[in-house]
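The structure appears below as structure tokens.
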Amino acid sequence: MVVRFAPSPTGPLHIGGVRTALYNFLLAKKTGGRYILRIEDTDQTRYVPGAEAYIVEALTWCGITFDEGPHIGGPHAPYRQSERKAIYAQYAHELVARGWAYYAFDTEEELEAMRQRLQAAGMVAPQYNAYTRSYMKNSLTLPPAEVQARLRSEPYVIRILVPRNREVRFYDEIRGWVTFHSRELDDKVLLKSDGMPTYHLANVVDDHLMGVTHVIRGEEWLPSTPIHVLLYEGFGWEMPRFAHLPLLLRPDGGGKLSKRDGDALGFPVFPLRWQDPFTGEIANGYREAGFLPEGVVNYLALLGWHPPGEKEIFTLEELIEAFSLKRVQKAGARFDYEKARWINQQHLRRLPIERLAQAVQPFWAQKGLPPLPPERFQKLLELARERAAVLPDILEAVRFFYTPPALPLPSNLADRLNPTVLEALPELLAALSTLTPWLASSLEEAIKGWAKRLGLPLGKVLLTLRLILTGEEAGPSLYQILEVLGLSESRQRLERFLEVHGVPKRV
RNA sequence: GCCCCGUUCGUCUAGCCCGGUCUAGGACACCUCUCUUUCAAGGAGGAAACAGGGGUUCAAAUCCCCUACGGGGUACCA
């Protein structure tokens with residue numbers, strides 16, 4: 001099995017593209033096949049600098065790797081269509097010679113005039129087809145001598161000659177047989193006047209030349225597949241198998257997810273942060289939002305595909321094992337950010353602590369926090385990981401560690417302090433100062449004993465201590481907090497509290 | 001407009017191909033309870049769907065047709 005992912009470098013890859021790349025990857029890996037990255041940069045006017053590098057970086061981050069591509073080379077190089085320009089022209093002319101294509105000389109204005117005329121006659125989307133081509137300027141209507149003359153002196157395009165009255169059928173691996181009638185098809189441009197191919201020609205030629213056996217792409221390509229089928233026939237080439245994946249839809253149901261949605265939907269639509277080189281505009285990415293690549297890939301896999309069992313959390317390896325086109329959904333799938341977060345959370349909880357520390361590190365550094373010894377850092381993260389769906393949640397959950405409470409406490413919190421506990425605070429301070437070892441277990445024992453002696457419910461004691469030490473009402477186990485804070489920091493916070501608030505006198 | 005593809009809980013989906021086992025299963029989100037020093041996490045439970053109409057059949061979520069709705073396409077863009 002040979003598959004390819006063929007994005008056009010017109011900007012960042014969006015997550016729908018990532019999913020297409022993922023499905024191709026899973027299939028290639030599962031079957032021990034080959035996976036090709038091909039850059040479809042045939043539209044020179046839409047070229048965006050940095051987009052190709054972004055695509056490679058994003059897929060690499062996701063763990064999606066290739067066997068061939070512009071970044072690694074391979075037997076079918078080059079892998080940028082702009083660098084294969086000459087190949088397409090040659091094949092386009094061959095198609096003319098075979099009677100499956102023709103030259104057309106119509107100017108933009110002439111095409112526009114044709115459309116206007118037909119629209120005025122009530123046609124919504126005029127086509128260049130079997131009916132209209134007969135009165136346009138092309139090698140089918142012009143005398144051969146004039147055609148030759150124009151070819152030498154004028155820009156021209158090559159258009160496919162769509163047969164007049166035929167059913168074009170193909171088998172889609174996900175949808176079954178799909179039928180179009182050739183009268184619905186128009187004579188698509190194959191070779192543009194700048195000498196570049198259009199997608200239709202380039203993809204067919206390259207897929208053939210590169211030995212692609214399965215074309216797996218988004219459903220938006222379904223309507224142009226009959227053109228591709230005709231091209232394979234015109235060339236006399238064996239067709240690959242086709243599979244058109246259901247689209248990723250916006251959560252509000254307003255159509256397919258697109259690059260242009262940027263951050264407008266309230267969640268990232270890109271794998272990585274992207275800064276538009278022209279406008280400077282920045283769009284957030286999953287990586288920067290604190291997702292693990294495992295989480296993103298797992299969620300994306302489940303959007304439009306379902307594994308045989310009821311298991312939902314998968315590693316990339318497990319996805320490769322479980323994936324199959326037969327279980328891909330036909331209908332479009334709405335993106336659900338909440339579920340994406342939940343899946344990510346599951347991966348966060350499973351991640352080995354060293355790798356979690358690695359993943360959190362950039363966020364830690366970005367906050368300007370000083371590095372901690374690995375053991376202490378890991379201990380801290382253990383307190384927070386179960387409270388986090390994305391990486392920044394972890395920093396939030398251990399805020400107490402790097403931000404001592406602002407004193408005096410605001411009255412809504414100060415009101416919750418237990419006076420009896422406050423009164424006994426100096427005594428507790430003294431007791432804790434001699435406590436060894438300084439561990440959550442011994443701290444728990446000491447504090448529980450102390451609460452008992454005071455005759456107070458444990459909850460009141462702990463809430464008061466929590467407020468004093470962290471300034472927050474909720475969070476990880478207080479014993480763990482004390483342990484990770486350490487004796488000296490804990491004592492400092494208690495002392496500072498006493499300084500600011502004073503010890504209430506018993507009346 | 002035309003063409004193509006689709007339609008099971010709010011969302012992702014199982015079941016559909018090979019009709020009965022479906023009083024339609026799971027997950028996210030939501031609600032209740034539980035565990036707990038708190039917040040999470042965990043555990044238990046709840047509410048929640050076969051788009052509509054016709055057929056075929058002893059029997060239809062499952063097969064066929066129509067309608068409605070949704071999506072995609074309709075460029076010298078991919």
Side-chain angles (χ1 to χ4, degrees), chain A residues 6-10 40-43 45-46 81 104 106-108 111 115 122-128 155-159 172 174-176 178-181 183-186 188-200 202-203 217-226 244 246-247 249 251 253-256 299 302-313 326-327 329-343 345 349 384-389 393 397 444 447-448 451 457-467 470 472-479:
Chain A
S8 88
T10 55
E40 310 229 326
D41 55 350
T42 54
D43 186 352
T45 65
R46 290 211 305 161
Q81 293 185 326
D106 314 280
T107 63
E108 222 168 287
L111 287 170
R115 290 191 190 107
M123 205 165 285
V124 177
Q127 291 186 318
Y128 202 116
Y156 62 89
V157 300
I158 293 180
R159 287 180 181 270
D172 185 277
I174 293 168
R175 289 151 216 285
V178 179
T179 310
F180 287 81
H181 194 99
R183 92 169 65 87
E184 315 292 345
L185 274 26
D186 63 353
K188 291 282 181 214
V189 169
L190 301 178
L191 197 72
K192 302 185 258 190
S193 56
D194 66 359
M196 279 289 191
T198 57
Y199 172 83
H200 308 293
N203 114 22
R217 74 239 291 191
E219 191 186 350
E220 71 265 30
W221 293 110
L222 199 55
S224 52
T225 304
H244 291 92
L247 263 15
L249 271 18
K256 71 172 174 175
Y299 177 62
L302 260 23
L303 266 186
W305 168 79
H306 196 270
E310 278 179 356
K311 170 175 157 145
E312 292 203 284
I313 304 304
K326 275 137 238 95
R327 297 187 66 88
Q329 205 74 11
K330 291 184 181 77
R334 294 208 195 166
F335 195 87
D336 180 355
Y337 190 54
E338 278 308 315
K339 181 126 186 195
R341 284 170 52 86
W342 180 79
I343 300 247
Q345 177 174 39
R349 296 175 56 187
R385 73 187 317 183
E386 296 233 331
R387 293 169 170 76
D393 293 347
E444 178 169 357
I447 290 174
K448 278 183 172 164
L458 188 59
K460 297 214 185 228
V461 175
L462 289 169
L463 175 63
T464 301
L465 289 177
R466 181 183 294 280
L467 285 167
T470 71
E472 288 164 6
E473 294 176 276
S477 152
L478 191 68
Y479 312 119

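Side chains included, hydrogens not; waters and symmetry mates left out as well; all remaining heavy atoms used. Chain letters run A, B, ... following the sequence lines, proteins first, then strands; residues in each count from 1.
- Each of B/rG1, B/rU38, B/rA14 was ranked by its minimum atom distance to the side chain of A/Arg327; first place goes to B/rA14.
- Look at CG on A/Leu191: it is 9 Å from C1' on B/rC76, rounded to the nearest Å.
- For A/Arg46 and B/rA78, the shortest distance from a side-chain N or O to OP1 or OP2 is not below 4.0 Å.
- Picking from B/rA41, B/rA75, B/rC5 the nucleotide with the shortest atom distance to the side chain of A/Gln345 gives B/rA41.
- Of the side-chain N and O atoms in A/Lys256, one or more sit less than 4.0 angstrom from OP1 or OP2 of B/rG73.
- Without hydrogens or angle criteria, A/Arg327 side chain to A/His306 main chain gives a donor-acceptor distance under 3.5 Å.
- Between B/rA14, B/rU74, B/rC5, one nucleotide has an atom nearer to the side chain of A/Lys188 than all others, and that is B/rU74.
- When the C1' atom of B/rU37 is taken as reference, atom CG of A/Leu463 falls 8 Å away, rounded to whole Å.
- Closest non-hydrogen pair, A/Thr198 versus A/Val189, comes out as OG1-O, 2.7 Å.
- At B/rA78, none of the side-chain N or O atoms of A/Thr198 fall inside 4.0 Å of OP1 or OP2 (strictly under the cut-off).
- Summarising the geometry, the separation between CG on A/Leu302 and P on B/rU13 is reported as 8 Å, rounded to the nearest angstrom.
- Within the nucleic acid shown, A/Gly475 comes within 4.0 Å of at least one base atom, counting heavy atoms only.
- Among the nucleotides B/rU38, B/rU74, B/rC3, the one closest to the side chain of A/Phe180 is B/rC3.
- Protein atom CD of A/Gln329 is 17 Å distant from nucleotide atom P of B/rC5, rounded to whole Å.
- The base of B/rC5 lies outside donor-acceptor range of the side chain of A/Arg175, with no N or O pair under 3.5 Å.
- In this structure, A/Lys256 contributes its side chain and A/Gly332 its backbone to no donor-acceptor pair below 3.5 Å.
- For A/Tyr199, taking side-chain heavy atoms from C-beta onward, the closest of the listed nucleotides B/rA78, B/rU13, B/rU74 is B/rA78.
- With B/rC76, B/rG73, B/rG71 as the choices, the nucleotide that has an atom nearest any side-chain atom of A/Leu249 turns out to be B/rG71.
- For A/Arg387, counting side-chain heavy atoms from C-beta on, the closest listed nucleotide (B/rU37, B/rC77, B/rC39) is B/rC39.
- Distance check on atom C1': B/rU32 versus B/rC50 gives 28 Å, rounded to whole Å.
- Within the 4.0 angstrom heavy-atom criterion, base atoms lie near A/Val157.
- Here, B/rU8 and B/rG52 have their P atoms 11 Å apart, quoted to the whole Å.
- When each of B/rU37, B/rC76, B/rA29 is scored by its nearest atom to the side-chain atoms of A/Trp342, the top-ranked nucleotide is B/rA29.
- Between A/Tyr199 and A/Trp221, the ring-plane angle classifies as parallel under the 30° and 60° cut-offs.
- No donor-acceptor distance shorter than 3.5 angstrom exists from the side chain of A/Glu40 to the backbone of A/Gln81, with no hydrogens or angles considered.
- At whole-Å resolution of the value, CD in A/Glu338 and P in B/rC28 are 12 Å apart.
- For B/rU74, the base has no donor-acceptor partner in the side chain of A/Ser224 [N/O atoms by modelled type, under 3.5 angstrom].
- When atom types are taken as modelled, the side chain of A/Asp336 and the backbone of A/Pro251 share no donor-acceptor pair closer than 3.5 angstrom.
- Regarding contacts with the backbone of B/rC3, every side-chain N or O of A/Gln127 stays at 4.0 angstrom or more from both OP1 and OP2.
- When the P atom is compared between B/rA48 and B/rG25, the two are found 12 Å apart, to the nearest whole Å.
- When rounded to the nearest whole Å, the span between CD of A/Glu310 and P of B/rC12 equals 18 Å.
- Within 4.0 Å of A/Arg183, counting heavy atoms only, lies no atom of the nucleic acid at all.
- For the P atoms, the distance linking B/rG19 with B/rU34 amounts to 48 Å, nearest Å.
- The nearest whole Å value for the distance from the NZ atom in A/Lys339 to the P atom in B/rU11 is 13 Å.
- Under the 4.5 Å side-chain criterion, counting only non-hydrogen atoms from C-beta, A/Asp43 is in contact with A/Lys192.
- The side chain of A/His306 lies closest to B/rA14, out of B/rC3, B/rA14, B/rG72.
- OP1 or OP2 of B/rC77 has at least one side-chain nitrogen or oxygen of A/Lys192 nearer than 4.0 Å.
- The residue A/Arg349 sits close only to the backbone: its heavy atoms come under 4.0 Å of sugar-phosphate atoms, none of a base.
- Nucleotides B/rU11 and B/rA29 are separated by 8 Å at their C1' atoms, to the nearest Å.
- When both pairing distances are held under 3.5 Å, B/rC69 makes a Watson-Crick or G-U pair with B/rG6.
- Computed from coordinates, the A/Arg217 CZ to B/rG72 P distance equals 17 Å when rounded to whole Å.
- Here B/rC12 is the nucleotide among B/rC2, B/rC4, B/rC12 with the atom lying nearest to any side-chain atom of A/Leu303.
- Straight-line distance between the P atoms of B/rA78 and B/rA51: roughly 39 Å, to the nearest whole Å.
- Taking the ring-ring contact (aromatic ring centres under 6.0 Å, His included) definition, one finds that A/Tyr299 meets it with A/Phe335, sequence neighbours left out.
- The nearest heavy atom of RNA chain B to A/His200 and to A/Ile174 marks one nucleotide each, and the one closer to the 5' end goes with A/Ile174.
- For B/rC76, its base sits under 3.5 Å from the side chain of A/Ser193 at one donor and acceptor pair at least.
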